[in-house]
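Report on one structure; see the data block that follows.
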Number of protein chains: 2
Amino acid sequence: MTGSAAQHLPEALLRPVRGHHAFEACVEQLGTAIRLGVFPLGSALPAERELAARLHVSRATLREAMAALRQAGLVETTRGRGGGTVVTLKPRTPSARAALRVTAVKRQDWLDALEYRRVVEPGAAALAAQLELTDVRREQLERAHEEVAHAGRPAPHRQADSRFHLTIAAMSESPRLIEAVTSVQSTLHEMLLAIPVLDTNIAHSDRQHATVVRAILAGRPDRARKAMENHCDDTAALLRGLLG
Amino acid sequence: MTGSAAQHLPEALLRPVRGHHAFEACVEQLGTAIRLGVFPLGSALPAERELAARLHVSRATLREAMAALRQAGLVETTRGRGGGTVVTLKPRTPSARAALRVTAVKRQDWLDALEYRRVVEPGAAALAAQLELTDVRREQLERAHEEVAHAGRPAPHRQADSRFHLTIAAMSESPRLIEAVTSVQSTLHEMLLAIPVLDTNIAHSDRQHATVVRAILAGRPDRARKAMENHCDDTAALLRGLLG
DNA sequence: CACGAATGGTCTGAGTTCAGACCAATTTAC
DNA sequence: GTAAATTGGTCTGAACTCAGACCATTCGTG
């Protein structure tokens with residue numbers, strides 16, 4: 001028996017091979033993107049055929065998802081050339097009531113997301129700082145940062161914050177990291193809807209954003225990572241506190 | 001137009017909603033686990049009903065996957081009580097010939113995996129070091145480490161190395177990190193099959209493993225992370241060199 | 001030996017997903 | 001104003017996946 005030491009591994013490793021049905025996954029991904037502000041209010045989603053191709057899903061399945069989003073009031077659709085599907089969802093304001101329904105499993109998942117975030121977001125920031133960014137990219141980053149500072153409170157600010165973090169992830173140019181940050185921001189967004197955070201922290205948070213941006217633009221990976229770690233730590237401490 | 005700055009995000013963010021069909025995903029996950037040594041030669045897989053439940057897949061689908069693994073010679077199955085499915089695959093020795101078929105896309109994916117690894121594995125090591133490990137866990141870690149040092153060359157050593165890294169990930173107790181490390185080790189394994197590495201590096205690698213283990217057992221997160229970063233950097237440099 | 005328990009093997013009917021062709025509405029180009 | 005292009009809307013038959021019941025084989029227990 002060569003490998004009895006591996007006894008504990010299958011236990012930890014075997015995980016669901018995929019989450020749920022294809023159309024549910026589409027609803028979730030598109031809904032999340034809309035709520036995070038990747039597709040802001042009034043903007044158009046890609047055409048069905050393109051979207052289906054992007055998500056590796058048949059058009060029929062994608063359309064089921066679109067119907068769900070339409071029914072939920074997130075988007076509206078018009079036909080013909082120049083038509084398409086447009087975002088109609090106004091950013092929601094956090095409500096404390098949702099916090100009551102937090103199960104133990106979800107709580108555990110949220111805490112895990114905070115740990116994970118503190119690994120992947122600083123990693124993405126460091127990677128972004130390490131690359132030679134084009135002028136276009138540098139501008140995108142500065143723009144995303146400005147929008148956070150100038151966004152209204154509280155819902156638009158939340159979306160702008162998500163976009164800021166996702167923009168940094170995109171700068172890393174690592175598909176795996178981009179996916180990791182997207183998934184973690186989605187969970188974070190869910191948490192923040194259930195656990196409203198006070199305005200007081202926003203100024204602090206914005207100062208930390210500025211530090212991260214400076215480090216990335218200056219090409220200082222270690223500094224960028226450290227700055228993002230501080231930011232994640234502070235946010236996490238706040239959320240863990242409110243989670244009890 | 002509130003969010004024109006987000007123009008670049010959908011481009012980077014929209015990703016396939018799921019990889020492939022369920023049974024292909026099962027084949028991949030189980031095949032990977034077997035090749036990585038999570039299920040060593042001669043060990044038994046969990047019973048079909050349990051595996052199906054674990055992978056969130058119907059038994060019918062799981063059985064299709066099992067049939068594929070059986071046909072590929074990775075496992076053998078016997079019936080009746082005390083029967084089950086047993087691993088028959090001997091660890092493969094790397095062959096240089098496979099390297100010829102590396103497409104540009106795959107090459108890009110491999111390089112991404114190296115970047116990603118350098119983020120998630122040090123993160124997992126730090127998290128593991130930060131937790132209060134039970135005696136059982138400490139022993140599992142030491143055991144996994146010893147096995148790497150004592151494993152035969154080259155294929156069993158490769159498996160033991162995977163198990164070692166996966167063990168550290170499991171110690172982090174973060175489902176997201178465990179999945180990240182599993183996925184990255186799978187890609188790494190694929191790379192190492194195509195790009196054989198010389199024995200010379202193994203001694204160096206083992207010394208780095210020892211440093212990581214010491215830091216984790218001593219409860220020094222920063223030290224553990226740094227040590228794992230060095231290890232990832234050295235492995236990555238080697239592989240990038242051989243990839244050209 | 002007989003029975004129970006655990007395992008893989010088989011079957012069925014319903015629901016999901018797919019690829020692709022085709023229809024309908026609308027705007028743009030000429 | 002007409003034609004082309006682009007978009008969403010609809011339909012079909014095949015393949016995949018599911019849940020669950022039931023069968024066959026083997027081992028341990030009494």
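A, B, ... follow the sequence lines: proteins, then strands. Residue 1 opens every chain.
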Out of D:dG9, D:dT25, C:dT17, which nucleotide sits closest to the side chain of A:R70? D:dG9

Counting only side-chain heavy atoms from C-beta out, which of D:dC16, C:dT17, C:dG8 sits nearest to A:T61? C:dT17

Could you state the atom-to-atom distance from CE of A:M66 to P of D:dG8 in whole Å? 7 Å

Is the closest basic N to carboxylate O distance between A:R176 and B:E115 below 4.0 Å? no

For A:H21 and D:dC18, give me the distance from atom NE2 to atom P, rounded to whole Å. 7 Å

Atom CG of A:L51 and atom P of D:dT7 are separated, to the nearest Å, by 12 Å

What integer distance in Å separates B:R81:CZ from D:dT26:P? 15 Å

Just how far, in rounded Å, is P of C:dG8 from CD of B:E50? 10 Å

Whole angstroms only, please: what is the CZ-P distance between A:R59 and C:dC18? 14 Å

Separation of D:dT17 P from B:H56 NE2 (nearest whole Å): 16 Å

Hey, do the aromatic rings of B:H165 and B:H209 have their centres closer than 6.0 Å? yes

Which whole-number value in Å describes the distance from A:E64 CD to D:dT10 P? 13 Å

Is the phosphate of C:dG9, meaning OP1 or OP2, less than 4.0 Å from a side-chain N or O of B:R63? yes

Tell me, with the steps shown, if B:R137 and B:T167 meet side chain to side chain donor-acceptor pair (under 3.5 Å). CA-CA 9 Å; B:R137 295 246 146 163; B:T167 299; over 6 Å; no

Any salt bridge linking A:R117 with A:E121? Criterion: basic side-chain nitrogen under 4.0 Å from a carboxylate oxygen. yes

Which residue lies toward the 5' end of DNA chain C, A:R49 or A:E24, if each is placed at its nearest nucleotide? A:E24

Taking any heavy-atom pair under 4.0 Å as a contact, classify B:G82: base, sugar-phosphate, or nothing. nothing

In terms of side-chain heavy atoms of B:A47, which of D:dG8, C:dT26, C:dG8 is nearest? C:dG8

Could you check whether the rings of A:H145 and A:F164 sit parallel, tilted or perpendicular, using 30° and 60° as the cut-offs? tilted

